[in-house]
Chemist: 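Have a look at the structure that comes next, please.
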Amino acid sequence: HEDIRQMVQNDQARLKSVEALVAKGRLGTRSDYASASLVMQHSQGFAGYRLAHELAVCRLILGDRDLGRWLVAATYDRMLNSVGHDQRFGTQYLAIGHRRTDEAGINDRQRKAFGRPTLAEARARKL
């Protein structure tokens, strides 16, 4: 329990640090945006996930098609899940398996454009 409490405290400190860097306009490189997005993806609600997604989009715009595409898809899915919607790209998993995916919203060609597996590939994924 102490380890979990310490982890939560550390996460909160990192989230506040990233929010301050964003507010001051201190992010500049695609690496900055990726790191900030990954931290914000560990937020506890929609506003943090929205910022994570926006930072991921910045990384993609700055030219990173590898991690940038995955970050955009993953942050979008997490943001949707946080407000009770099914994910679109199939990036979010639970200990018991894959979270529900909106199979009509994004097609396999779009999933591939974001570096994601097809729906069939995502369903077959083993944890």
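None of these values were measured; they are calculated from a predicted model.
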Chemist: With side chains defined as the heavy atoms from C-beta onward, is the minimum distance between Glu121 and Lys112 less than 4.5 Å?
Modeler: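 When only atoms from C-beta onward are counted, Lys112 and Glu121 do touch, with a gap below 4.5 Å.
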
Chemist: Is a side-chain donor or acceptor of Thr75 paired with a backbone partner of Val72 at a separation under 3.5 angstrom?
Modeler: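 A pair under 3.5 Å: yes.
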
Chemist: Which value, rounded to the nearest 0.5 Å, describes the distance between Ser17 atom OG and Gln12 atom CD?
Modeler: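 With rounding to 0.5 Å, OG (Ser17) is 12.5 Å from CD (Gln12).
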
Chemist: Report yes if the side chains of Gln87 and Asn81 come closer than 4.5 Å at any heavy-atom pair, otherwise no.
Modeler: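 The answer is yes; the side chains approach within 4.5 Å.
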
Chemist: Surrounding CZ of Arg109 (heavy atoms of other residues, nucleotides or ligands, distance under 6.0 Å), is the total greater than 12?
Modeler: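 Not more than 12 within 6.0 Å, no.
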
Chemist: Start with the C-alpha distance between Leu119 and Asp108, add both sets of side-chain angles, then the distance that settles side chain to side chain contact (heavy atoms under 4.5 Å, CB included), and finish with yes or no.
Modeler: CA-CA 7 Å; Leu119 267 176; Asp108 283 341; 3.9 Å; yes

Chemist: Which pairs pass salt bridge (Lys or Arg N to Asp or Glu O under 4.0 Å) with one or both residues in residues 55-69, sequence neighbours excluded?
Modeler: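 Passing the test, one end in residues 55-69: Arg59-Asp64.
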
Chemist: Is the backbone N or O of Met7 less than 3.5 Å from a side-chain atom of Asn10, with the two atoms forming a donor-acceptor pair by type?
Modeler: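 Not a single qualifying donor-acceptor pair exists.
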
Chemist: Would a single hydrophobic cluster contain both Met79 and Phe89, if residues Ile, Leu, Val, Met, Phe, Trp and Tyr are joined by side-chain heavy-atom contacts under 4.5 Å?
Modeler: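 Yes, one cluster joins them.
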
Chemist: Could I get the full list of side chain to side chain contact (heavy atoms under 4.5 Å, CB included) partners for His42, not counting sequence neighbours?
Modeler: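 With neighbours one apart ignored, the set is Arg78.
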
Chemist: Checking side chain to side chain contact (heavy atoms under 4.5 Å, CB included) against Asp77, which of His85, Arg116, Gln92 comes through?
Modeler: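 Among His85, Arg116, Gln92, the one meeting side chain to side chain contact (heavy atoms under 4.5 Å, CB included) with Asp77 is Gln92.
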
Chemist: Return each pair, listed once, that meets ring pair (Phe, Tyr, Trp, His ring centres under 6.0 Å) where at least one residue sits in residues 48-79; pairs must be two or more places apart or across chains.
Modeler: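 Residue pairs passing ring pair (Phe, Tyr, Trp, His ring centres under 6.0 Å), neighbours aside: His53-Tyr76.
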
Chemist: Compare every heavy atom of Ala74 with every heavy atom of Thr91, then report the nearest pair and how far apart it is.
Modeler: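 Taking every non-hydrogen atom into account, OG1-CA, 3.3 Å.
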
Chemist: What are the two closest heavy atoms between Ala34 and Leu67, and how far apart are they?
Modeler: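 Minimum heavy-atom contact is CB-CD2, 3.9 Å.
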
Chemist: Between Phe46 and Leu38, is there a shared hydrophobic cluster once you connect ILVMFWY residues whose side-chain heavy atoms come closer than 4.5 Å?
Modeler: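 No, because Phe46 and Leu38 fall into different hydrophobic clusters, even though each may have its own neighbours under 4.5 Å.
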
Chemist: For Arg26, give me all partners under salt bridge (charged side-chain N to carboxylate O under 4.0 Å, His left out), at least two apart in sequence or on another chain.
Modeler: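 Salt bridge (charged side-chain N to carboxylate O under 4.0 Å, His left out) list for Arg26, sorted by chain: empty.
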
Chemist: About how many Å separate CZ of Arg30 and CD1 of Ile61, when rounded to the nearest 0.5 Å?
Modeler: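 Answer for the CD1-CZ pair, Ile61 versus Arg30, is 13.5 Å.
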
Chemist: Looking at Ala56 and Ser37, what are the two nearest heavy atoms and their distance?
Modeler: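 Between these two residues, the closest heavy atoms are CB-OG, 3.6 Å.
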
Chemist: Under a single-linkage rule joining Ile, Leu, Val, Met, Phe, Trp and Tyr whose side-chain heavy atoms are separated by less than 4.5 Å, which residues share a cluster with Leu55?
Modeler: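 Traced through the cluster, Leu55 reaches Leu15, Val18, Leu21, Val22, Leu27, Tyr33, Val39, Met40, Leu51, Leu62.
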
Chemist: How would you list all residue pairs meeting salt bridge (Lys or Arg N to Asp or Glu O under 4.0 Å) that involve residues 7-16, not counting sequence neighbours?
Modeler: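 As it turns out, the salt bridge (Lys or Arg N to Asp or Glu O under 4.0 Å) pairs with a partner in residues 7-16, which skip direct neighbours, are Asp11-Arg14.
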
